[in-house]
Amino acid sequence: MKELNHLDLNLLKALNALLEERNVSRAAERLALTQPAVSAMLNRLRHRFNDPLFIRSSHGMLPTNRALALQAPVKLILENISALVKPIEFKPEELKYTFKLAGTENGIRTLGVPFALKIAKLASDVKVAFFPIQGQPLEERLLTGEWDLAILGEQELTENLYYQRLFSETYTCAVRHNHPVLKQEWTVETFCQLEFVLVAYNGGHFAGATDTALERLGKKRKVKISVGHFSLLPDLLKQTDYATVAPSHFLRSRNDLVLLEPPFVIEGYQKAMAWHARANHDPIQQWFRQIMADVAEEVKNP
DNA sequence: GAATTGTGGTACGGGCGGAG
DNA sequence: CTCCGCCCGTACCACAATTC
């Protein structure tokens with residue numbers, strides 16, 4: 001399409017105005033330009049089409065056959081381009097899409113699930129696919145569109161991603177019902193006498209935010225089991241005297257466990273959603289992100 | 001950062017038709 | 001015929017974007 005290299009869309013607009021007005025001055029007025037400017041554009045059009053296009057006469061500017069032949073296609077082209085650049089309008093209920101959401105197990109459970117339920121109500125032809133975020137090249141997955149959005153801790157964000165904070169996550173301690181520790185005074189000392197199950201996504205780790213906090217107090221705890229999934233926690237805790245410290249939003253609804261405020265300060269983190277620049281201005285993606293932000297508000301203030 | 005290029009602005013000239 | 005108004009085209013300038 002080499003012939004498009006020097007084509008100015010404004011020239012086509014001018015040609016269209018000239019064809020409809022058959023008068024340079026009026027065409028100029030319609031184009032919000034001065035008459036000499038449009039005259040110069042007509043001159044450029046004449047060179048481009050190698051045709052006088054309009055002949056001055058006592059009845060105004062008479063279009064040549066070439067100009068008349070251009071009228072319909074030029075109008076069509078301009079209408080098409082105008083439709084092309086018009087902002088995308090979409091109705092959620094008519095949207096067909098598979099939304100790809102990556103997150104930690106906790107992120108999917110606390111935000112992904114209510115998000116998917118809300119989407120199902122608003123856009124019945126939209127499917128939601130969850131992806132585990134661990135060990136994946138986050139930026140690349142978002143760049144290529146394999147994922148649309150990622151739910152993660154703010155500390156996992158990388159420089160080239162757009163993000164929005166969703167809520168603050170804190171930590172809560174949990175043990176089984178009738179656990180002996182419940183009869184004791186709940187202090188840092190009793191906490192440290194317990195044995196723990198720890199969730200480490202990457203596997204094999206036996207220390208986390210809790211241990212960092214304890215270290216600052218000059219204390220230690222015993223972590224006996226390290227699991228890769230939160231879903232293993234409830235069964236393990238119910239069968240043993242082990243305790244755990246896990247994100248508060250994950251434990252909040254577990255009636256089968258007893259929840260305890262940690263007897264010391266454990267630094268929480270900001271839960272955020274992240275997306276790539278390619279999705280930043282997309283109105284459909286913006287709509288999905290707004291739904292996620294709404295869901296986060298509901299999670300924050302149940 | 002200077003040179004180049006493209007575009008639109010103002011000023012103005014000239015053709016043309018109509019009124020007097 | 002002359003004058004006036006309308007209209008188009010050209011010359012020249014300013015400005016912005018681009019290139020080197």
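Just so we're on the same page: letters track the sequence lines, and every chain starts at 1. If you're wondering where the values come from, they're calculated on a predicted model, not measured in any experiment.
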Starting from [atom2] on [N], measure out to [atom1] on [X] and report it in whole angstrom.
{"X": "A/F54", "N": "B/dG15", "atom1": "CZ", "atom2": "P", "value": "23 Å"}
{"X": "A/E29", "N": "C/dC8", "atom1": "CD", "atom2": "P", "value": "12 Å"}
{"X": "A/R48", "N": "B/dG6", "atom1": "CZ", "atom2": "C1'", "value": "13 Å"}
{"X": "A/R26", "N": "C/dC6", "atom1": "CZ", "atom2": "P", "value": "13 Å"}
{"X": "A/R46", "N": "C/dT10", "atom1": "CZ", "atom2": "C1'", "value": "13 Å"}
{"X": "A/L18", "N": "C/dC8", "atom1": "CG", "atom2": "P", "value": "9 Å"}
{"X": "A/L45", "N": "C/dC8", "atom1": "CG", "atom2": "P", "value": "15 Å"}
{"X": "A/I55", "N": "C/dG9", "atom1": "CD1", "atom2": "P", "value": "10 Å"}

- Which part of the nucleic acid, if any, lies within reach of A/R44 when heavy atoms closer than 4.0 Å are counted: base, sugar-phosphate only, or nothing? sugar-phosphate

- Task: Tell me what A/T34 touches on the nucleic acid: a base, only sugar-phosphate, or nothing, going by heavy atoms under 4.0 Å.
- Result: base

- Message: Test question: given the 4.5 Å side-chain rule for I, L, V, M, F, W and Y, name all other residues clustered with A/L217, or answer none.
- Response: A/Y171, A/V175, A/V181, A/L182, A/W186, A/V188, A/F191, A/L194, A/F196, A/L198, A/F206, A/L214, A/V223, A/V245, A/V258, A/L260, A/F264, A/I266, A/Y269

Going by atom type alone, with no hydrogens or angles, which donor-acceptor pairs under 3.5 Å involve a side-chain atom of residues 127-142 of chain A and a protein atom two or more places apart or on another chain?
residue	atom	partner	partner atom	Å
A/Q136	OE1	A/R141	NE	3.1
A/Q136	OE1	A/R141	NH2	2.8
A/E139	OE1	A/N160	ND2	3.2
A/E139	OE2	A/T158	OG1	2.6

- Pairwise distance NE2(A/H47) to CG(A/L11) - rounded to 0.5 angstrom: 12.5 Å

- Does the salt bridge (Lys or Arg N to Asp or Glu O under 4.0 Å) test come out yes or no for A/K75 and A/E20, once each step is laid out? CA-CA 10 Å; A/K75 197 173 172 59; A/E20 288 182 3; 3.2 Å; yes

- Closest to the A/P36 side chain, choosing from B/dA11, C/dC8, B/dG8: B/dA11

- Item | A/W275 versus A/D148, side-chain donor and acceptor atoms under 3.5 Å | no

- Any N or O donor-acceptor pair linking the side chain of A/R56 to the base of C/dC7 at under 3.5 Å? yes

- Query: Any side-chain N or O of A/N10 less than 4.0 Å from the OP1 or OP2 oxygen of B/dG6?
  - Reply: no

- Task: Respond yes when some side-chain nitrogen or oxygen of A/S25 is under 4.0 Å from OP1 or OP2 of C/dC6, and no when none is.
- Result: no

- Message: Need to verify one output field. Residue with the more 5' nearest nucleotide on DNA chain B, A/V38 or A/Q35?
- Response: A/V38

